[in-house]
Amino acid sequence: MSTKDPRAAGLARLAALAADETRAACLLALLDGRAWTAGELARHCGVAASTLSEHLGKLVAGGLLAEERQGRHRYVRLADTRVAQLVEDLAAQVAPGAAERPRTLRQAGAGSAMARGRTCYDHLAGRLGIALTDALTARGLLRQDTGFALTDAGLRWFGAAGIALDLRGRRPLARACLDWTERRPHLAGVAGAALCGHALGARWCVRIGSERAVKVTETGARALHDLLGIEAEALR
């Protein structure tokens, strides 16, 4: 009698979905948390629209992407936060030197911007995400000794800053997400998403370029200094 784990076949199918470079590129692009059209993803991945459509069909059928149509346009996004966490965790396992070196100044600039600050699905990553996580921890608002957890003072801080926390779902309030450029964990979960949403809504940071990179505005630099004591140099 076989003692093979019944989940093995499903895990193999899931791994096969991400084992194609074009599909992997789609999943990484969609970590910006937004919906993309098939045409946008095809141009991003450098493949024909017909080729990309076939890949998207497999990702949707496999439950990694959700699809919606508006008129003639087909939009796709990551299915949920669990898929985003899976993609980011897998990407974080890639050795720092394994990525292809930038071939142009434009590519180098884009890589530098992503390392400085970016969205990781619905929370902030890069040096910006680490600076926020470190500042929250240093002020006793976030604990990292037994996993990530907001303290009572942290809950009060979010309220005082006008950042609403949605506590109705099953999603963890605070979760560590390994940052693939900094090789350290940054804040994810409900608190990370709320902080990112507020930062973008209040224009503490703005999106730049066509990928996930964000930059801190002058308004944001002042706010982060006043609220968390983060120096401007840490955001560059």
Worksheet item: Does H44 reach the side chain of W36, with side-chain heavy atoms less than 4.5 Å apart?
Response: yes

Discussion item. For a 4.5 angstrom cut-off between non-hydrogen side-chain atoms, does V190 reach P172?
Written reply: no

Practice prompt. Would you please test T181 and R118 for side chain to side chain donor-acceptor pair (under 3.5 Å) and show each step?
Written response: CA-CA 11 Å; T181 53; R118 63 184 182 277; 3.0 Å; yes

Worksheet item: Less than 4.5 Å apart, any side-chain heavy atom of R175 and any of F148?
Response: no

Practice prompt. Determine whether L90 and L11 fall in the same hydrophobic cluster, where Ile, Leu, Val, Met, Phe, Trp and Tyr are linked whenever their side-chain heavy atoms lie under 4.5 Å apart.
Written response: no

Worksheet item: Hey, is the main chain of G220 close enough, under 3.5 Å, to the side chain of T217 for a donor-acceptor pair?
Response: yes

Discussion item. Any non-hydrogen side-chain atom of V206 less than 4.5 Å from a side-chain atom of L200?
Written reply: no

Worksheet item: For R139, what residues pass the salt bridge (charged side-chain N to carboxylate O under 4.0 Å, His left out) criterion, not counting sequence neighbours?
Response: none

Practice prompt. Locate the shortest heavy-atom distance separating P185 from Q144; write the atom from each residue and the value.
Written response: CG-OE1, 4.3 Å

Item to complete: Ignoring hydrogens and angles, tell me if any N or O in the side chain of T51 forms a donor-acceptor pair with the backbone of V47 under 3.5 Å.
Response: no

Worksheet item: Is it true that R77 and D32 have a side-chain N and a carboxylate O under 4.0 angstrom from each other?
Response: no

Practice prompt. Identify, with sequence neighbours excluded, every residue that meets side chain to side chain contact (heavy atoms under 4.5 Å, CB included) alongside R222.
Written response: E218, T219

Discussion item. Strictly below 4.0 Å, N to O, side chains only: are D166 and R171 in salt-bridge contact?
Written reply: no

Item to complete: Sequence neighbours left out, what passes side chain to side chain contact (heavy atoms under 4.5 Å, CB included) with A153? Give chain and number order.
Response: L141, T151, R156

Worksheet entry | Which residues share a side chain to side chain contact (heavy atoms under 4.5 Å, CB included) with C120, sequence neighbours left out | E88, H123, A125, C177, H186, R212

Fill in: Within-4.5 Å side-chain heavy-atom neighbours: T37 and V76
no

Worksheet item: Hey, does the side chain of T137 reach the backbone of T133 with a donor-acceptor pair shorter than 3.5 angstrom?
Response: yes

Worksheet item: Is any side-chain heavy atom of V214 less than 4.5 Å from a side-chain heavy atom of I208?
Response: no

Discussion item. Within the 4.5 Å heavy-atom criterion, are L224 and L128 side-chain neighbours or not?
Written reply: yes

Worksheet item: Is it true that E21 and R23 have a side-chain N and a carboxylate O under 4.0 angstrom from each other?
Response: no

Worksheet item: side chain to side chain contact (heavy atoms under 4.5 Å, CB included) with D80: which residues, sequence neighbours excluded?
Response: R82, V83

Discussion item. Just to verify, what does H198 make a ring pair (Phe, Tyr, Trp, His ring centres under 6.0 Å) with, not counting sequence neighbours?
Written reply: W204

Worksheet item: Just wondering, are more than 12 heavy atoms of other shown residues or ligands nearer than 6.0 Å to CD in E68?
Response: yes

